[in-house]
Amino acid sequence: MLWPLGRMWRAPRRKHGATTDLRWLSARAWTTKWYPQGIDVGVRDGRRTLAVSWFRQDRGRRHLASRVTFIDLERGRRVDVALALEEDGELVPAPIHAGGVAWFGDRLFVAATGRGIWEFDLGGVSRRTGAEARRVRAMSRHWPWSTARVAVRTRVHPIDLRCSYLGRVFDASGRPLRRVLIGEYRTDDRGRIAEFTVPDGPLGSFEEIDRFAPGIRSMQGAVRWGPRLFVSQSDDLRPGTLWTGRRDGLAPASVPLPAGCEDLALDLQAGLLWSLGEHPWRRVVRGIPLDRLGASAEAGERRLDG
């Protein structure tokens, strides 16, 4: 079902204490070409917006392209931005897993599993048409009217971790910090999470502050609010587990994450912790009230664009 004006879901009214589940109203709900992975919250055109990253694969599970979908939380409309890099003066798709995103104004940082953190320029997003648009989206069909909005990679930041995901960091009062958590997905319990400062300018680099191994297998995302950590753990087609608490006392929360859960994002303005599921026909973007997790957000607006 295709909705006009790019509408993809209608946000339900949330009852007190209930989760906010948003579902895709198009082929995005079941396609096996594109898989949603990362999530963050920011401001776009003056509106609170979710950013959801996707990767595209072929039948051999080879990565072909990636994109970010920006969803206006008030209107339910979306805009896709293809992620690209420039090679020999030509734009080509960014073939990365995009397992996590961190959105700082015009700078978008994306986890490039095994290849560090890739930075993209959202301030320079341009519209491309025809063959160039099809190429950055890794489209196989020839659609003469094809168009694409494109964000170009500006830097690759080497990180001494596998870089499966990354998430934002807030201080205890809810102020966003120029820091991120970067972690590793592993099927055993040896995956590590490290906290880094985000470079201020084009010549800066990620500086590691701390790292630890929480002893949780299959970690998919992590964020921090003051001393409290939130970590997502996937379990194949079963609902995921959210671990929360201080670093030395993480415990499973009673609220389940979506099946095939992925990244996490803190939305302190709305008092929600966002996650999402990747599996076809089970795809959902879920907002969990922080007060259900024993971490109520303080009243008042928050600057979420960093």
Side-chain angles (χ1 to χ4, degrees), residues 35 37-40 53 55 96-102 104 109-119 156-172 176-199 205-266 273-278 288 290 293-295:
Y35 283 81
Q37 296 291 303
I39 191 167
D40 201 2
S53 65
F55 76 91
I96 56 175
H97 194 70
V101 293
F104 290 82
F109 298 96
V110 183
T113 309
R115 291 179 284 173
I117 301 296
W118 290 13
E119 181 177 346
V156 174
H157 299 274
I159 303 291
D160 183 26
L161 286 170
R162 189 165 181 259
C163 296
S164 303
Y165 54 86
L166 76 159
R168 299 286 300 277
V169 175
F170 296 77
D171 68 13
L177 303 178
R178 299 195 66 81
R179 297 184 181 185
V180 292
L181 298 181
I182 301 175
E184 300 173 314
Y185 171 87
R186 292 178 60 117
T187 55
D188 58 27
D189 61 1
R190 294 188 293 172
R192 299 167 295 176
I193 298 174
E195 185 166 326
F196 291 82
T197 60
V198 173
S205 60
F206 282 82
E207 299 293 337
E208 184 172 338
I209 299 172
D210 188 24
R211 82 168 55 186
F212 69 106
I216 301 171
R217 62 172 180 83
S218 302
M219 293 186 297
Q220 299 280 11
V223 291
R224 181 171 72 81
W225 179 17
R228 181 184 289 265
L229 288 168
F230 301 89
V231 178
S232 59
Q233 178 188 33
S234 63
D235 191 13
D236 197 29
L237 294 176
R238 292 172 286 275
T241 300
L242 175 66
W243 294 77
T244 183
R246 293 178 179 268
R247 175 172 138 174
D248 58 353
L250 290 171
S254 60
V255 184
L257 293 177
C261 68
E262 292 291 331
D263 201 18
L264 295 173
L266 280 166
L273 176 73
W274 291 99
S275 186
L276 72 166
E278 70 166 350
I288 301 172
L290 288 166
L293 303 173

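We count residues from 1, following the sequence as given.
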Checklist entry - Residues two or more places apart in sequence or in another chain: which of them pass side chain to side chain contact (heavy atoms under 4.5 Å, CB included) with Ala265? => result Ile39, Asp40, Val41, Trp274
Checklist entry - Are side-chain heavy atoms of Leu229 and Leu250 found at a separation under 4.5 Å? => result yes
Next on the checklist: Could you work out, with salt bridge (charged side-chain N to carboxylate O under 4.0 Å, His left out) as the rule, every residue matching Asp171, not counting sequence neighbours?
Outcome noted: Arg175
Next on the checklist: Checking Glu208 against Leu161 for the side-chain contact (heavy atoms from CB on, under 4.5 Å) test, could you report, in this order, the C-alpha distance in whole Å, the side-chain angles of both residues, the deciding distance, and whether it holds?
Outcome noted: CA-CA 11 Å; Glu208 184 172 338; Leu161 286 170; 5.9 Å; no
Item to check | Spatial distance of atom OG (Ser164) from atom CD1 (Ile182) [nearest 0.5 Å] | outcome: 10.5 Å
Checklist entry - Taking the six-membered ring for Trp, are Phe206 and Phe196 parallel (under 30°), tilted (30 to 60°) or perpendicular (over 60°)? => result perpendicular
Checklist entry - Which atom pair, heavy atoms only, marks the closest approach of Ala102 to Leu166? => result CB-CD1, 3.6 Å
Item to check | Flag side-chain contact, heavy atom, 4.5 Å: Phe212 against Ile193 | outcome: yes
Item to check | Nearest atoms (heavy-atom pairs only) where Leu293 meets Ala253 | outcome: CD2-CB, 3.9 Å
Checklist entry - Are any of the side-chain heavy atoms of Ile288 and Leu257 separated by less than 4.5 Å? => result yes
Checklist outcome for this item: Across all chains, not counting sequence neighbours, the side chain to side chain donor-acceptor pair (under 3.5 Å) partners of Glu195 are Arg179, Arg224
Checklist entry - Who are the side chain to side chain donor-acceptor pair (under 3.5 Å) partners of Arg217, not counting sequence neighbours? => result none
Item to check | Arg211 to Ala194 - nearest heavy-atom pair and separation | outcome: CB-CB, 3.5 Å
Checklist entry - To the nearest 0.5 Å, how far apart are CD in Glu262 and OG in Ser275? => result 8.0 Å
Next on the checklist: Apply side-chain contact (heavy atoms from CB on, under 4.5 Å) to residues Arg168 and Phe104 and explain how you reach the verdict.
Outcome noted: CA-CA 9 Å; Arg168 299 286 300 277; Phe104 290 82; 3.3 Å; yes
Item to check | Nearest heavy-atom neighbours spanning Glu184 and Arg190 | outcome: OE1-O, 4.3 Å
Checklist entry - Counting N and O atoms only, with roles assigned by atom type, does the side chain of Ser232 sit under 3.5 Å from a partner on the main chain of Gly221, one being a donor and the other an acceptor? => result yes
Next on the checklist: Apply side-chain contact (heavy atoms from CB on, under 4.5 Å) to residues Leu266 and Leu273 and explain how you reach the verdict.
Outcome noted: CA-CA 5 Å; Leu266 280 166; Leu273 176 73; 3.8 Å; yes
Item to check | Contacts of Arg115 that satisfy salt bridge (charged side-chain N to carboxylate O under 4.0 Å, His left out) - sequence neighbours left out | outcome: none
Checklist entry - Side chains of Ser205 and Glu207: is there a donor and an acceptor less than 3.5 Å apart? => result yes
Item to check | Validation row: Thr113, Arg162 side chains within 4.5 angstrom (heavy atoms) | outcome: yes
Next on the checklist: Please determine whether side-chain contact (heavy atoms from CB on, under 4.5 Å) holds for the pair Leu290 and Phe230, giving the CA-CA distance in whole Å, both sets of side-chain angles, and the decisive distance to 0.1 Å.
Outcome noted: CA-CA 11 Å; Leu290 288 166; Phe230 301 89; 4.1 Å; yes
Checklist outcome for this item: Heavy-atom nearest pair, Cys261 first then Gln233, reads SG-O, 3.4 Å
Checklist entry - Within a strict 4.5 Å, meaning less than it, do heavy atoms of the Pro214 and Met219 side chains meet? => result yes
Checklist entry - Rounded to the nearest 0.5 Å, what separation is found between the CZ atom of Phe109 and the NE2 atom of His157? => result 5.0 Å
Item to check | Under the side chain to side chain contact (heavy atoms under 4.5 Å, CB included) test, residues paired with Pro252 that sit two or more places apart | outcome: Thr241, Trp243
Next on the checklist: Does Arg247 have more than 12 heavy atoms from other residues, nucleotides or ligands lying within 6.0 Å of its CZ?
Outcome noted: yes
Checklist entry - At their closest point, which heavy atom of Val101 faces which heavy atom of Gly38, and how far apart are they? => result CG2-C, 4.0 Å
